[in-house]
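Written out below as structure tokens is the structure these notes cover.
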Amino acid sequence: MNDSNDPRAASPGRPAGAGIAARALAARGGPVAAPPADYLAGLNPEQRAAVETTEGPVLVLAGAGTGKTRVLTTRIAHILATRRAYASQILAVTFTNKAAREMRNRIGLLVGGEVEGMPWLGTFHSIGVKILRKHAELVGLKPNFTILDTDDQIRLIKQLIQAENLDDKRWPARTFANLMDGWKNRGLTPEHIPEGDARAFGNGRGRELYRAYQARLLSLNAADFGDLLLHPIAIFQNHPDVLADYHRRFRYILVDEYQDTNVAQYLWLRLLAQSSEARVAEGIRTVNVCCVGDDDQSIYGWRGAEVDNILRFDKDFPGSTVIRLERNYRSTAHILGAAAHLIAHNEDRLGKTLFTDFHDPEHEKVTVNAGWDSEEEARAIGEEIEQLQRKSHALNDMAILVRASFQMREFEDRFVTLGLNYRVIGGPRFYERQEIRDALAYFRCVCQPADDLAFERIVNTPKRGLGDAALKLLHEYARAKTMPLIEAAGDLVQGDELKPRPRAALAEVVRNFARWSSLLPTMRHTDLGEMILDESGYTEMWQADRSADAPGRLENLKELIRSMDDYESLPGFLEHIALVMDAEQNAETDAVSIMTLHSAKGLEFETVFLPGWEEGLFPHQRSLDEGGRSGLEEERRLAYVGITRGKKRVKIWFVSNRRIHGMWQSTIPSRFLDELPEDHVDVLEPSTSYGGYGAGGMGGYGASRWDQNAFSASSYQTPGWRRAQAAGGGGSTYAGGRGQAIRYGEGGVAGSEPASRTASKADRYISRDGRPVGETGFDEPAAPTFDRSGFAGKLTDPLSANRSRGSNMPARKGGGLYASARAGGPRDIEGSLVAKSVADEESRFTVGDRVFHLKFGNGTVALIEGNKLTVDFDRAGQKRVLDGFVEAV
DNA sequence: AACATCCCTATTTTT
DNA sequence: TAGGGATGTT
């Protein structure tokens, strides 16, 4: 494991001479030990402590916006400058390529751009690959193994499931992939998975499938993402000499985003960070591991991250120093105040309080805005953006952060009509596009003749007349001879088992690959790439395609070839793209960013819009269902991440109606809204242009909704909200009461529940001035720009929907996102209703019934499909709605 | 092999 | 609603 760029390789021992970094710094005068070196200038005392405490285990709890990356990079610069280690002796791990890139750049800036090194700065996975390539044979791989992506993985699993004679409908490959992913995240090999897990899939054959999968990977000379960690762990565990080599090498270990590490990463890290004889022999007596993270920003539990890793750091590394970074340099006091108050509702946290000196009476409070439906939300936010733009705020400084990607569409639609520039971050990636993956499959076959998965992908793409029959023959032959498919194809075309036409087609494929492979060592890889795509007929296939996206695909293929230019060779390129699935976004044009809260972590914007704060969506119902209290806490951290992205302005929205899977459902405000502190939050009336609402417009319904029923405490409307806050009793601890009580059996809200059920119909329809309204409300003229405003006052008591739904909502799943969220309370308490609903297939309605819907008014039932009704509404036309949302009239 | 039709499902996402 | 996947039809 001698790196050629490691000066220590030849002569072990303490670094003898100044590293490049140290030289660069020393040149600026004075011995490096003399404080303060200029890279330390400007650090606050805590940051400085985090940088200078180089020896022993250190945990840096870095709150949002407290200069985490700065600490990390400065610490590395400091280690280099003080000659504690060479760049090649520092292991620095991040989660994303982006983070690794940024660190590399910033270290470069700090030490004067001359550090060519830091060979061990990278993501867990890229470092894992590096280690695995060196010792591949120890786990039965060849050093040039391929890295499978999810797509390949699924196809492979599917084959295995079919090979086991299991019904792949009943046991979807996708599900097993997730299951296996979970095992790998926890560092579990087939022998170690819990019996229950093993039984849970494929008629109890989970373990066998996992085993078969791993065996198949070895025969394909391939590893999946999980293996990039698991194999190194196995190597370290089974080959102490190899581990000792790494112990001698790594003097300093740094980990970014420690709160996101999973068990496998933790094990990997712990092995590398162990104190060992090898280290002691090198004069290293302490484990110089520094983990940086923020437990409050742990949002990847669903992906296997263990917040626990950060919570018990001091137990893993006894004698550790914990440094808290709490001075925030990003946001206003209002924003921090709101975020802090919210996150304080979490129990599982180490506890930090961010503070700032950034006070200014001009600062805006965090706003909470109510909207009628998601269309209005998009419209109003669009308008606010345009207003800011008129006040010469750059679009680049604004972002819309959503909980789920389906929310994006509404904004996109709206912005397109407004002609407002936007960019969607995340979403389908370049390297995941079909045409790119096809092209890559060709390249993989050329570099890796054993890559059956790649071969399968493209044998008949473009169409070559190789149908099921021919491929089945090929597979059987290959299996019988245990040889790769390409090789099998080479044999098969010699014989006469194949019909003439497929035989000729396959022969050509074989010939082509042989030729391309032979050109690999000599031809420029970009030219070869182009040649492959042309000669295979792949380019032609898209040229002939008349569909609208074909030109774009051709463009992507060109881009692919172009980007190959940045790499040495075809294999080098393939390696890169296997690990780096992100494509750079251009920040050239001024545009609003739209992204999920997850992908916003680490970013910051002057103005942040947070739409969709509604129960069921945020917190997401599924997190609640699957994660219980910790699921809720993770959602709350997500909210915290969202708020703390804002520097100057944070604008939260919730609406009363949202369209889910094409059907309108009414929603109730997120419990997180109740967890925001009054003094940092302004509750606003909609500021949009449509008339008719005026002062008290939304207020009316809000008050009616919350004041009349169990949710009174959650009313954001003054005076209702204030009153509730002041009263403190009743339902004022909304979070601990309603939502959670149900789930965690704390007793529920027995008192409030019957009240809500017996509320009269009049209670439910309260006009904006607080008067109960009847049918006449529908006769109000619609405001010109807003077709539903005629219904303004009436809607919105969520309980009416709850109540009316009752009987025929399927247990949890079928109820849909919002339905089950809202139904959560009363129904689960009663239990029997749930049970009844499962069995009760019959609708309460029959075709021809007159019904009333909160959103669409009166109508006639035209069709009933389970709990879905098609209703001809008098005003709104024909709509499909869940029957829980209409009432008989 | 291309096209039609039915059925099912429906977070967050990096590597 | 919409999109994918699997199945059936020509």
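Throughout, a chain's letter reflects where its sequence line sits, starting with A, and its residues are numbered from 1. Please read these numbers as outputs of a predicted model, since none were measured by experiment.
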Interatomic distance where CD1 belongs to Ile147(A) and C1' belongs to dT15(B) [whole Å] | 9 Å
In whole angstrom, give the distance that lies between atom NZ of Lys169(A) and atom P of dT9(B).
-> 9 Å
Just checking, is any N or O donor in the side chain of Glu257(A) or Gln259(A) under 3.5 Å from an acceptor N or O on the other one?
-> yes
Boundaries of the chain A footprint along DNA chain C (any atom under 4.0 Å from a heavy atom) | dT1(C) to dA6(C)
Does His598(A) stack onto the base of dT13(B), taking stacking as ring centres under 5.5 Å apart and planes under 30° apart?
-> no
Using a cut-off of less than 4.0 Å, is there contact between a side-chain N or O of Ser405(A) and OP1 or OP2 of dT12(B)?
-> yes
Check: Gln297(A) main-chain N/O paired with Arg637(A) side-chain donor or acceptor under 3.5 Å | no
Of all the choices, dT15(B), dT13(B), dT11(B), which nucleotide is nearest to the side chain of Ala404(A) once you look at every atom?
-> dT11(B)
Might you list the N or O atoms of the protein lying below 3.5 Å from N or O atoms in nucleotides 1-4 of chain B, with each pair's distance?
residue: dA1(B); atom: OP1; partner: Gly465(A); partner atom: N; Å: 3.3

Going by distance alone, is a donor N or O of one side chain under 3.5 Å from an acceptor N or O of the other, for Asn309(A) and Tyr258(A)?
-> no
Between CG of Asp181(A) and P of dT13(B) the distance, given in whole Å, is 15 Å
Under 3.5 Å donor-acceptor pair, Arg403(A) side-chain atoms to dT11(B) base atoms = no
Between Trp171(A) and Phe176(A), does the ring centre distance come in under 6.0 Å?
-> no
In whole Å, what is the span from the NE2 atom of His661(A) to the P atom of dC8(B)?
-> 16 Å
Classify the nucleic acid contact of Lys158(A) as base, sugar-phosphate or nothing, counting any heavy atom under 4.0 Å across all strands shown.
-> sugar-phosphate
Would you mind telling me which residue lines up with the more 5' stretch of DNA chain B, Glu635(A) or Arg303(A), judged by nearest nucleotide?
-> Glu635(A)
Aromatic ring proximity Trp302(A)/His598(A), centre distance under 6.0 Å = yes
Distance-only, no hydrogens or angles: does the Glu575(A) side chain make a donor-acceptor pair with backbone N or O of Val129(A) under 3.5 Å?
-> no
Would dT11(B) be called syn or anti, given that syn covers angles within 90° of 0?
-> syn
Could you tell me whether a side-chain N or O of Glu633(A) sits under 3.5 Å from a main-chain N or O of Asp348(A), the two making a donor and an acceptor?
-> yes
Starting at atom CG of Asn262(A), determine the distance to atom P of dT13(B), rounded to an integer number of angstrom.
-> 18 Å
Quickly work out the Glu257(A) CD to dT15(B) C1' distance and round it to whole Å.
-> 15 Å
Whole angstrom is fine here: how far is it from CG in Leu624(A) over to C1' in dT12(B)?
-> 14 Å
Hey, is the side chain of Thr596(A) poking within less than 4.0 Å of OP1 or OP2 on dT11(B), counting only N and O atoms?
-> no
Of all the nucleotides listed (dT11(B), dT13(B), dA10(B)), which has the minimum atom distance to the side chain of Ser623(A)?
-> dT11(B)
Rounded to whole angstrom units, what separation is found between the CH2 atom of Trp613(A) and the P atom of dT11(B)?
-> 21 Å
Would you please indicate if the ring centroids of Trp653(A) and Phe609(A) are separated by under 6.0 Å?
-> no
So, Ser599(A) side chain and Met595(A) main chain: donor-acceptor pair closer than 3.5 Å or not?
-> no
Under 3.5 Å: donor-acceptor pair, side chain of Arg645(A), backbone of Lys601(A) | no
Phe406(A) aromatic ring stacked with six-membered ring of dT11(B), 5.5 Å and 30° | no
